[in-house]
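Worksheet: the structure to be examined is printed underneath.
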Protein chains: 2
Amino acid sequence: MVDIQSNEIEELVEWLSNISEDGEGVTRLLYSQEWIEAQSQLKEKFEELGMDVEFDAVGNLFGTIKGTDEPEKIIATGSHIDTVVNGGRLDGQLGILGGYLAIKHLIEKNGAPKKSLQIISMAEEEGSRFPYAFWGSKNIFGIANKEDVANIADKDGVKFVDAMHNAGFDFLETAPKHNDLEAFIELHIEQGNFLEEEGASVGIVNSIVGQKRYDVVLKGQANHAGTTLMSYRKDTVEAFSRIAVNGIDKAKAIGNPLVLTFGRVNPLPNTVNVVPGEVSFSIDCRHTDQNALNEFTAELEEDMKRIATEMGISIDINLWMDEAPVPMDENIIQTIEQVCVENKLNYKVMHSGAGHDAQIYAPRVSTGMIFVPSIKGISHNPAEHTETSDIIQGIEALKNSLEKLAY
Amino acid sequence: MVDIQSNEIEELVEWLSNISEDGEGVTRLLYSQEWIEAQSQLKEKFEELGMDVEFDAVGNLFGTIKGTDEPEKIIATGSHIDTVVNGGRLDGQLGILGGYLAIKHLIEKNGAPKKSLQIISMAEEEGSRFPYAFWGSKNIFGIANKEDVANIADKDGVKFVDAMHNAGFDFLETAPKHNDLEAFIELHIEQGNFLEEEGASVGIVNSIVGQKRYDVVLKGQANHAGTTLMSYRKDTVEAFSRIAVNGIDKAKAIGNPLVLTFGRVNPLPNTVNVVPGEVSFSIDCRHTDQNALNEFTAELEEDMKRIATEMGISIDINLWMDEAPVPMDENIIQTIEQVCVENKLNYKVMHSGAGHDAQIYAPRVSTGMIFVPSIKGISHNPAEHTETSDIIQGIEALKNSLEKLAY
């Protein structure tokens with residue numbers, strides 16, 4: 001049964017999106033004035049619903065409806081309140097507003113749950129103000145490191161710790177408060193175009209990809225583009241191109257869910273009439289299976305070295321990110337799938353190609369994720385959009401899953 | 001017989017190199033204070049040798065030893081006095097100093113020539129201050145267009161015409177003064193590594209390459225590098241890489257003297273975790289044979305369109321430079337080769353992959369060029385260098401060729 005209404009979610013998205021820095025899209029950076037205002041207003045909204053509401057030390061906001069039978073067991077949902085600069089109206093905050101609506105409808109229909117139901121508006125996920133991501137969820141489990149943020153600052157030179165203090169929060173090295181969670185389900189936009197291409201409204205995430213990122217530098221020889229015969233060249237753009245074609249061809253042959261991206265390419269001197277003597281470029285490679293990811297990148301590294309060496313070009317390969325894939329909980333996946341079938345929701349089981357708060361929860365709590373489609377896959381952009389009818393299906397999947405777990 | 005001495009050329013290069021803007025290497029931009037100083041001091045030096053010396057309207061400097069029998073027929077040599085920013089000590093000015101030394105030794109040994117001998121210090125060739133190249137040589141033949149420089153300015157906003165006026169020169173639309181030239185031979189550094197690789201001291205240029213330059217823009221779709229499966233991508237860096245590998249493979253298969261360079265590559269947004277939605281890049285393609293150049297670039301254009309179209313990527317190909325190859329004069333080539341053989345100079349006949357003043361002369365005057373090696377092919381750089389022993393062989397080739405033509 002679908003009972004979430006279009007205007008309910010549309011009004012909430014409109015309301016929260018307006019608590020933003022001026023400018024295109026939504027900009028709400030960690031510990032900014034807009035961030036403080038958004039968390040404060042969410043706190044009021046949660047209280048109006050009869051929730052017990054509290055902030056933790058760093059600014060994660062928790063709204064809880066106490067369970068009647070096992071109040072110490074918490075079934076939680078939520079997502080992050082921060083955004084990228086010039087972000088869209090759905091990334092992060094949809095998971096808070098959708099979770100709020102799901103719980104609101106459940107208690108209006110069923111009264112108090114047996115286990116506690118909790119909505120969490122997490123302080124930070126994007127890493128868009130300071131060079132640190134998952135600050136919110138990592139603090140919930142006591143795995144954020146005080147030293148990691150001791151010396152970091154934003155682009156204006158404001159220190160992380162000063163921004164936190166000015167927003168009224170602090171880093172307390174107490175034991176994590178929220179090891180009382182029994183389950184966590186995050187609603188989020190897909191940020192890809194899989195659901196749209198498949199014509200589905202709901203994605204049930206079975207895994208978040210593992211991810212490796214590299215910086216690679218090729219050094220050959222800068223030469224005059226007219227006077228240097230082809231046989232005398234050590235052309236690093238040629239070497240890069242051979243590396244990219246070789247890698248992409250192999251990635252396509254292996255197929256989904258492996259993805260490989262050469263997103264950044266910076267030749268030197270980068271001018272029409274000089275054979276480029278140096279190129280630096282990035283590699284982003286992701287797969288849901290750790291072994292498959294390791295095997296592919298090991299082969300890619302060997303291929304890169306071989307191609308460069310054959311051309312007399314030196315290569316420096318720097319792996320600077322190496323995150324393991326994170327599987328979602330089998331029971332949670334089954335629960336979500338069951339409610340999708342029961343409620344005739346149009347769903348696909350899929351992996352997440354992007355990182356999410358859920359990946360911090362999953363190793364510690366039974367965790368699941370529900371996606372709704374991103375039109376044309378657009379995200380981190382004011383044009384980010386999901387049809388309201390699809391958002392409603394996503395919230396219904398969440399609501400009915402929370403009901404199965406908490407009632 | 002070799003009679004040019006090491007110290008003669010080394011002292012001249014040292015002397016003229018010091019008339020430079022402060023900083024690394026030699027910087028002497030058109031109509032700058034250093035340029036005025038260099039031309040003025042060269043004028044004095046030419047006068048000391050008993051030459052008739054004059055500037056033309058735009059600042060080309062001519063030093064002439066009148067011929068005894070046919071003074072109206074002029075056998076000329078020279079090159080350009082301007083440099084790139086942070087250039088080397090040889091590009092351009094070696095042709096002036098070497099020509100001066102060649103004429104000096106000829107008149108010291110033989111007295112006045114039968115035909116007139118002339119050294120030309122050309123005002124400008126590089127296009128390094130203003131976006132206009134070959135200003136000097138084009139004015140010599142009355143083919144520079146007043147309108148071309150009417151509205152151009154340097155990077156500081158100084159207008160071309162104001163800089164010219166301030167240096168004491170002007171653009172006069174009179175008939176070209178120097179259609180009296182019978183022959184012109186330019187001495188220049190190779191700016192490539194052919195002579196060094198071949199172990200030769202002197203290059204006799206038989207042709208200056210034709211050259212096409214393109215700007216190409218590929219437009220696909222920017223997408224999240226994690227959430228967009230390979231099959232849904234319109235990755236413009238992938239398309240660029242396929243275009244580059246395909247083009248370079250075909251260019252290598254065709255072989256010398258064809259060269260193909262993808263020197264500039266600018267992806268957007270150029271960041272690790274976004275599939276690049278747009279790439280702009282440059283192509284520089286050169287060959288000494290016009291038909292071969294046309295055939296290759298026509299195939300390259302078709303290949304680029306096919307590769308882009310197959311990937312669902314739009315392509316915009318803009319040919320913005322299309323210069324025809326310029327052959328040197330057969331008789332002058334033979335004359336230079338003959339004196340190299342007679343004087344046991346270590347030479348190779350070769351083409352020029354770079355543009356030179358000689359290409360403006362060649363369609364109008366019997367023209368030749370003599371190259372000396374550039375160590376490691378380095379040029380337009382303070383590290384530009386040629387062994388003095390090789391420079392001497394180059395000046396000897398020039399001197400003996402001028403002798404054959406003028407005495």
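Quick note: numbers below take in every heavy atom, side chains included, and nothing from hydrogens, waters or symmetry partners. Throughout, protein chains are lettered first and strands after them, A, B, ... in sequence-line order, and every chain is numbered starting at 1.
- We find the CZ-OG1 distance between B/F371 and A/T227 to be 8.5 Å, quoted to the nearest 0.5 Å.
- Of the atoms belonging to B/R286, it is side-chain heavy atoms, and not backbone ones, that fall under 4.5 Å from chain A.
- Heavy-atom pairs under 4.5 Å with chain A were tallied for B/F262, B/Y214, B/F281, B/Y232; the largest tally goes to B/Y232.
- A donor-acceptor pair shorter than 3.5 Å can be found between the side chains of A/R233 and B/T261.
- For B/I283, the part lying under 4.5 angstrom from a heavy atom of chain A is the backbone only.
- Ranking A/V275, A/N193, A/V274 against chain B, the residue ahead of the rest is A/N193, based on heavy-atom pairs under 4.5 Å.
- In this structure, CG on A/N273 lies 8.0 Å from CD on B/Q211, to the nearest 0.5 angstrom.
- Among A/T236, A/V209, A/I378, A/D249, the residue making the largest number of heavy-atom pairs under 4.5 Å with chain B is A/D249.
- Residues B/L258 and A/M230 come closest through the heavy atom pair O-CG, 3.5 Å.
- Between B/G226 and A/V259, the closest heavy-atom pair is O-CG2, 4.1 Å.
- With values rounded to the nearest 0.5 angstrom, B/F194 atom CZ is found 12.5 Å from A/T228 atom OG1.
- The choice from A/L260, A/I243, A/L268 that makes the most heavy-atom pairs within less than 4.5 Å of chain B is A/L260.
- Contact tally against chain B (heavy-atom pairs below 4.5 Å) for A/S352, A/G255, A/P269, A/G353: the top residue is A/G353.
- With contacts defined as side-chain heavy-atom distances shorter than 4.5 Å, the pair B/R242/A/I248 qualifies.
- Chosen from A/P257, A/P267, A/S379, the residue pairing most often with chain B at heavy-atom distances under 4.5 Å is A/P267.
- One finds the OG atom of A/S241 at 11.0 Å from the CG atom of B/N246 (value rounded to the nearest 0.5 Å).
- The local environment of NZ in B/K219 is sparse, with at most 12 non-hydrogen atoms from other residues, nucleotides or ligands closer than 6.0 Å.
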For A/R264 and B/V272: C-alpha separation, side-chain torsions, deciding distance, then whether side chain to side chain contact (heavy atoms under 4.5 Å, CB included) applies. CA-CA 6 Å; A/R264 182 175 58 74; B/V272 58; 5.6 Å; no
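- For the set A/G263, A/G355, A/S282, the count of heavy-atom pairs under 4.5 angstrom toward chain B peaks at A/G263.
- Note that CZ of B/F240 and CZ of A/F240 are 7.5 Å apart. Values are rounded to the nearest 0.5 Å.
- Heavy atoms of A/T271 lying under 4.5 Å from chain B belong exclusively to its backbone.
- Here NE2 of B/H224 is found 10.0 Å from CD of A/E190. Values are rounded to the nearest 0.5 Å.
- For B/H380, no part lies near chain A; criterion is any non-hydrogen pair under 4.5 Å.
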Side chain to side chain contact (heavy atoms under 4.5 Å, CB included) for A/Q191 and B/N223? Distances and angles first, verdict last. CA-CA 9 Å; A/Q191 302 180 277; B/N223 273 311; over 6 Å; no
